Chemist: 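This is the structure, below, for whatever I ask next.
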Amino acid sequence: MADPLPSRAPARAEWTNAEGLLRQVVRATHGEAREGQQLVTAAVDRALIEHTHLLVEAGPGVGKSRAYLSALVSHLVHGDLKRVVIATYTTALQDQLIHHDLPAVLAQAGTPLRAALLKGRGNYLCRARLQGQVQRGDGLLQLGGGGAPVGLRELVTWADRTPTGDRSAPDFPPAFDPEGWGQVTVLPEECTGSKCSFHDRCFAEQARERAADAQIVVVNISLLMMHLLLAEAGLLPEHDAVVIDEAHKLRDVATEAFGHKVGPRRLHLIGGRLSHFLSRGGQDHQLVSAIHAEAEALERAILDRLPTDRAGNPIPTALPELTPALARVLHRADSTLEAVADRLRQIADYEEPHQADAADRIRKLITASRRLMGTVWDPDDTSVRWLQVMPLEVCVTPVSPARDLRARLFNGTTTVILTSATLRIGGNFGPVARMLGVPQEHEAVVAPSPFDYPRQAVLFLPRGMPDPRSGEYASEVQRMLTTLIRAAGGRTLALFTSISAMREAHEALRGRLGVMAYCQGELPQQRLIEAFRDDERSCLFATMGYWQGVDVAGSSLSLVVIDKLPFEPPGHPVTEARQRLAEASGHNAFQSVSLPPVAMTLTQGVGRLIRSTTDTGMVAILDPRLSTARYRHLLLKGLPPMTRVHDLDVAVAKLKEMTGTSR
Ligand code: SF4
């Protein structure tokens, strides 16, 4: 990925305002001006002039990125904005912005502007850690998962020629095992910053400098949240406006960022770092063993407290009080870490500067980890303490991120624009605005999709499906899938709500469909989507990451099948705490807590079908609750206005007609 964005000679400016710039961009790319796109540009332009926070729901195909970019660039060129930050949830959208939308808009700006992509520190090669590995020289990086082994030499050669040190750069050694990456990068809390001997040549620092020099900075939502949380660290340069795209994921990312977690994985990580560091001298190894022993004790203490489901698998649970065993092991782990930090301080005569650097990094990591462990003792009453299963961790999670978001994101002078294809619940922005802490005085706009859904798409809600909780549901879903996939001649994205249901269906059907059936996990996501797109008669079985990450226009994707409504699993401690909070504030817990994420995810999943004005196809939602439940109208209202069918024979005939398989 190019970073920073290459500057290009801008076209002569003929535009005078944001809408004029959008028109020029559209003209230059031989596109058509879309009503929804103009609406978004005008709304963002107004929000920037009036310093109002704005919510924009823009249906599929609106071209909202170029719309908001035109408004942002217009204000940057006119000098009433100095710098803007655009935060996305997926890297796919970051790529789209950096490689396509930003160049298209900047080319028409008439004034050179700089844009930069900034990622979290863990995405960049850490020269200090690489040097440490080179000094060890034990071939530790000969991992090469399945391909040719990638040794240190190749990584060092790459480090010498890469301008970015970004692990997703196109020339990154292709067979490098992701497991090896953790050994040549740092967690943000272990980086020693200006004290590091490599600070002047540090890739992560150079990326920050480029961001500080740019007027448009593209980041992910997670980095933006970390910036808000660690205000004094200044992870992002000062800016006057933020656009959060894919804002339907903001609650989840903010909840994660504003919470705390501690578990055996972190202790093992510190043990691993220490073991590498001490390996040369071979001294103090009992400290390494002690840390790993504490990690194992913590794992046992968590597992002992976790309840199990009927199949004997552990399930997450609330932890109002720390068990004596957990309290004991956390105390002991803290003392062990303190002893390690003391010992590292005592070893003063390091032979090489990189050893002193490494000792500093481990001490920083230990300090941060001890602080983290401290947070799980006494959570405040706006958080819930609970035990997580994957991975095993003691978590303290804010019941709602609204308070933090309001205080940190919406309370300053920065104009915040939230945009997504799904921000309304039942046609109303209120639930999402409340959930995210958006102040009362904000603007909201809906930009309708340019797609002719009644003509282009059919919604199939089959009659007679069994209860999704019943034992026969999975086999009925598989039967339905087989019939529909055969009728469509492949061309199907099958979206599941659980990995086990996806695997079970894939296992049962892959040899019976007469077409290639890809399954999530067989290849990295982008490569899997490309394989699915390139083989028109294939199908793809996938779960949550694909409900919003797939953008396949054309006949390769003519059928989307959704197995169940995407409700969160019942009994999750954070969801239950949210429901209690909603009830205490006089809201209906089901409607205000459980339904909004279902509505947003469902609309995202359905949105995979029609990606251009020439696409046609069918969405089959097999869950009978969409035909029978009282809340169905709320969910259906959020879906595009597709032609509805309920009869399988009619659906099959329509599919054959649309995909040409009847000919
Ligand atoms: S400053 Fe040093 S420790 Fe931090 S990321 Fe850069 S090279 Fe690594």
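Both counts, for ligands and for their atoms, begin at 1 and track the order of listing. For clarity, every value in this text was computed on a predicted model and none was experimentally measured.
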Chemist: Could you find the nearest protein heavy atom to atom 8 (Fe) of ligand 1 and give me its residue, atom name and distance?
Modeler: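 Protein heavy atom with the smallest distance to atom 8 (Fe) of ligand 1: C126 SG, 2.3 Å.
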
Chemist: Provide, to 0.1 Å, the distance between atom 6 (Fe) of ligand 1 and the closest protein heavy atom, together with that atom's residue and name.
Modeler: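 Closest protein heavy atom to atom 6 (Fe) of ligand 1: C202 SG, 2.3 Å.
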
Chemist: Determine whether Q215 and K82 satisfy the following criterion, side chain to side chain donor-acceptor pair (under 3.5 Å), listing intermediate values before the conclusion.
Modeler: CA-CA 6 Å; Q215 288 87 33; K82 296 274 177 287; over 6 Å; no

Chemist: At a 4.0 Å threshold, what atoms of ligand 1 neighbour a non-hydrogen atom of C196?
Modeler: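 Close to C196: 1 (S), 2 (Fe), 3 (S), 7 (S).
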
Chemist: Does NZ or CZ of R208 fall inside the cone over F203's six-membered ring, less than 6.0 Å from its centre and within 45° of the axis?
Modeler: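 Here R208 fails the 6.0 Å and 45° test against F203.
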
Chemist: Examine C191 and say whether one of its N/O/S atoms is closer to atom 4 (Fe) of ligand 1 than 2.8 Å.
Modeler: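 True for C191.
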
Chemist: Within the 3.5 Å criterion, strictly below it, is a donor on T164 or R210 matched to an acceptor on the partner's side chain?
Modeler: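 No - no donor-acceptor pair under 3.5 Å links their side chains.
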
Chemist: Please tell me whether Y124 and W181 form a close aromatic pair, meaning their ring centres lie under 6.0 Å apart.
Modeler: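 Centroid distance Y124-W181: not below 6.0 Å, so no.
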
Chemist: Record the part of R121 in heavy-atom contact with ligand 1 below 4.0 Å; permitted values are side chain, backbone, both and neither.
Modeler: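 The side chain, only.
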
Chemist: Would you check if there is a donor-acceptor pair between the side chains of S420 and E246 at a distance under 3.5 Å?
Modeler: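 Distance-only check fails for E246 and S420.
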
Chemist: Enumerate the atoms of ligand 1 whose separation from the nearest heavy atom of R127 is less than 4.0 angstrom.
Modeler: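 Those qualifying, in numeric order: 7 (S).
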
Chemist: Looking only at the side chains, is there a donor atom on one of D245 and Y68 sitting less than 3.5 Å from an acceptor on the other?
Modeler: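 Judged by distance alone, the side chains do pair up.
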
Chemist: List ligand 1 atoms under 4.0 Å from V186, heavy atoms only on the residue side.
Modeler: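 Listed by number with element, the hits are 5 (S).
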
Chemist: Take every heavy atom of A128, measure it against each atom of ligand 1, and state whether any distance is under 4.0 Å.
Modeler: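 Right, A128 reaches ligand 1.
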
Chemist: Which one holds for A204 and ligand 1: side chain close, backbone close, both close, or neither close, with close meaning a heavy atom under 4.0 Å?
Modeler: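 Neither; nothing of A204 gets under 4.0 Å from ligand 1.
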
Chemist: Could you check whether atom CZ of R527 has more than 12 heavy atoms from other residues, nucleotides or ligands sitting under 6.0 Å from it?
Modeler: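 It does not: R527 CZ has 12 such atoms or fewer within range.
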
